[in-house]
Structure formats: C-alpha cells, structure tokens
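First the structure, in the form of structure tokens, and then the observations on it.
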Number of protein chains: 2
Amino acid sequence: MTLHKSTADFAELCPIRDVLERLGDRWTMLVLFTLDEGGTQRFSTLKARIPDVSQRMLAQTLRRLEQDGLVVRTAYATVPPRVEYALTPLGTSFMDPMRQLVHWAAQHHEQVRTARQAYRPVQAAAPL
Amino acid sequence: MTLHKSTADFAELCPIRDVLERLGDRWTMLVLFTLDEGGTQRFSTLKARIPDVSQRMLAQTLRRLEQDGLVVRTAYATVPPRVEYALTPLGTSFMDPMRQLVHWAAQHHEQVRTARQAYRPVQAAAPL
DNA sequence: CTGAATCCTTACTGATACTG
DNA sequence: CAGTATCAGTAAGGATTCAG
C-alpha cells in the first residue's frame, strides 16, 4: 500500500499514483459526479450541467474515463448523432470513496477557509 | 452537496471544488500520505522519501498545506536550521477519506489497466 | 449534435543559482 | 539545512474552426 517508488522506476509508476493521477485533474471528479446523480446522459446534457467546462475538455475527460473503464459510451447512428454516457459498474464502485471525499470537503471547507485567512506568510522567530 | 455552480459565479467556486482542486495536484496526496505514515518529519526527510519531487515543488506543496491548515510547520532557530512538518488534526481527519480512495485504487488498479489495454480508439458503426 | 484539429495563452515544473 | 528567485521548457486549457 505504498505510494512511493524507488528512484529506479519512474516509468512504471506505483499502481495508486497511476490511478489517482487521472482522477485528480480538474474535471474528472465533476464529470463522474454528474453522471452519478443524473444517470445516463448525452454529451450536451453533461456540457450544460458543468457550466465552465469547455467542449474540448469534456470530450477529453470522457475519453479517458471510457478508456479506464469507468464510463461507457453509446453512439447511435442517427442524424443528428446521439451519444450517451453512463457509469460502468467500475465507475459506480468509485462513487463510494468519492462521496467520502466530497463529504469531508463539505464538512471542513469552512475550517480550511479560516485557516487560509489566518495564514501569515512566514515567521521570522521560532520556538526553542 | 452539489459540485456545480451556475454560470454566474465562476469566481466564488463551490466549496468542494475549492478544496478538492488543491488536493488534486501531483504532490499533495503524496506528501500527506508520507507525513501520515512517518509522523513529524524534517524537510530533507520528506524530500528523501519522495524521490522524484523537486525541492521547489516540495516547498510549495508544504506551504499550501500549511496555509490550508492541514500541516503545521515548526522552525527551530538553530544552525543549521531545522524545520519539522506534521499533520494537524484537520490533516489527520483527511486521511480517512483519503485511505478509502487509495484502497479503491489498489483494489481496482488491475481492472483499470485491463480496460486501458482493451480500449479501441473509436467505433465507426453503432448500435440501433 | 458530437466531436476532432488547430492555434495560442497560461499554468505547472524542474534545474540552477543564491540566501539566512 | 531549508528554503527563495529566476529562467526556460513542457503541459494543460480555452477559443475557434471544421467535419461526420
């Protein structure tokens, strides 16, 4: 369960970092959350529900999630095209730990904000 | 408990995004995890345990964590200087949800890797 | 509607060099 | 030892344009 790797293997990252680095970007969590609460949704719906995501980033995020097996993409050959996205069982299984994280954030947000305000760049003197 | 905000308020981001975006960068989780498993540690120790972090990034990450109240920095006015870092109670409280996330990653890493390999860029045809 | 491709601007990062 | 400052390269992100 270590997140560290010896200096030797930069290339083959530790499993956990490998997975978490994907999830840590700006939009992934948001997309997963939106899919979870809204169920199967079209591209345009997702775009509408995440106001500040660009088309480019949404597409890219969805591609990666699809690639990692957290999301399924279903395209219908109609005109105009219709594409639907949904969480896979794997994607759904991720929502549990994610909800914990969201809960923590909601719970402690105020405390963090307070800490930020109280923060003083540096202290010259020191204990001892 | 929504992660979305109306288009109106980009500036004042939703609490959860505000908190999670900080944690989502490349080093924060790793630093927190290292502090958690090793207890109070000096700058150089942390640097040694996270082989591929640069001095600059480690310092920056620690500053932010300190600012957010997850880490305490204690400087001793000795020569040479000695600075110790430790998790605050707030920081410790974050480890719970974080461990869940790490656990999920460890548990499903193989599945994700498999999905990545099986992935085919796009499909021309489609159902229906 | 759902994207991919391009361009361009900003943010992140690592090396390096320099202080207290 | 524990940083900060500066610089340069890379990567991320948005806006726009074009295509199936």
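Throughout, protein chains are lettered first and strands after them, A, B, ... in sequence-line order, and every chain is numbered starting at 1. What you see is a predicted model, and the numbers here were worked out from it, not measured in a lab.
- Taking the side chain of Arg63(A) as heavy atoms from C-beta on, and the options dA4(C), dA2(D), dG3(D), the nearest nucleotide is dA4(C).
- Regarding Leu62(A), its CG atom lies at a distance of 11 Å from the C1' atom of dT2(C), rounded to whole Å.
- Put simply, the side chain of Lys47(A) gets close to the backbone of Val53(A): a donor and an acceptor are under 3.5 Å apart.
- For Arg73(B) and dG3(D), the shortest distance from a side-chain N or O to OP1 or OP2 is below 4.0 Å.
- In summary, the side chains of Gln117(B) and Arg113(B) do not present any donor paired with an acceptor at a separation below 3.5 Å, with no hydrogens or angles considered.
- Rounding to whole angstrom units, CG of residue Leu58(B) and C1' of dT4(D) are separated by 14 Å.
- One finds no side-chain N or O of Thr78(B) lying less than 4.0 angstrom from the OP1 or OP2 phosphate oxygen of dC1(D).
- Remark: P of dA11(D) and CZ of Arg64(A) are 13 Å apart, rounded to the nearest angstrom.
- Ranking dT2(C), dG13(D), dG3(D) by closeness to the Val83(B) side chain, first place goes to dG3(D).
- Distance, Arg56(B) CZ to dA17(C) P: 16 Å, rounded to whole Å.
- Counting to the nearest Å, the P atom of dT2(C) and the CD atom of Gln55(A) are 9 Å from each other.
- Ranking dT2(C), dG13(D), dT4(D) by closeness to the Arg26(A) side chain, first place goes to dG13(D).
- What separates CD1 of Ile50(A) from P of dG14(D) is a distance of 12 Å, to the nearest Å.
- Rounded to a whole Å, the CD atom of Gln60(A) is 8 Å from the C1' atom of dA12(D).
- The listed nucleotides are dG20(D), dG14(C), dG3(D); the one nearest the side chain of Pro81(A) is dG20(D).
- Looking at Val71(A), Leu65(A), Leu70(A) one by one, the single match for side-chain contact (heavy atoms from CB on, under 4.5 Å) with Val31(A) turns out to be Leu65(A).
- Between Leu35(B) and Gln41(B), the closest heavy-atom pair is CA-NE2, 3.6 Å.
- Taking atom CD on Glu84(B) and atom P on dA2(D), their separation rounds to 9 Å, with Å as the unit.
- Contact check, Tyr85(A) against dG3(C): a side-chain N or O comes under 4.0 Å of OP1 or OP2.
- In terms of position on DNA chain D, the residue among Ser44(B) and Asp25(A) whose nearest nucleotide sits closer to the 5' end is Ser44(B).
- Under the 3.5 Å distance criterion, the side-chain polar atoms of Thr88(B) are matched with a main-chain donor or acceptor of Gly69(B).
- A close approach under 4.0 Å does not occur between any side-chain nitrogen or oxygen of Arg82(A) and OP1 or OP2 of dG3(C).
- Between Ser54(B) and dA15(C) there is no side-chain N or O to OP1 or OP2 distance below 4.0 Å.
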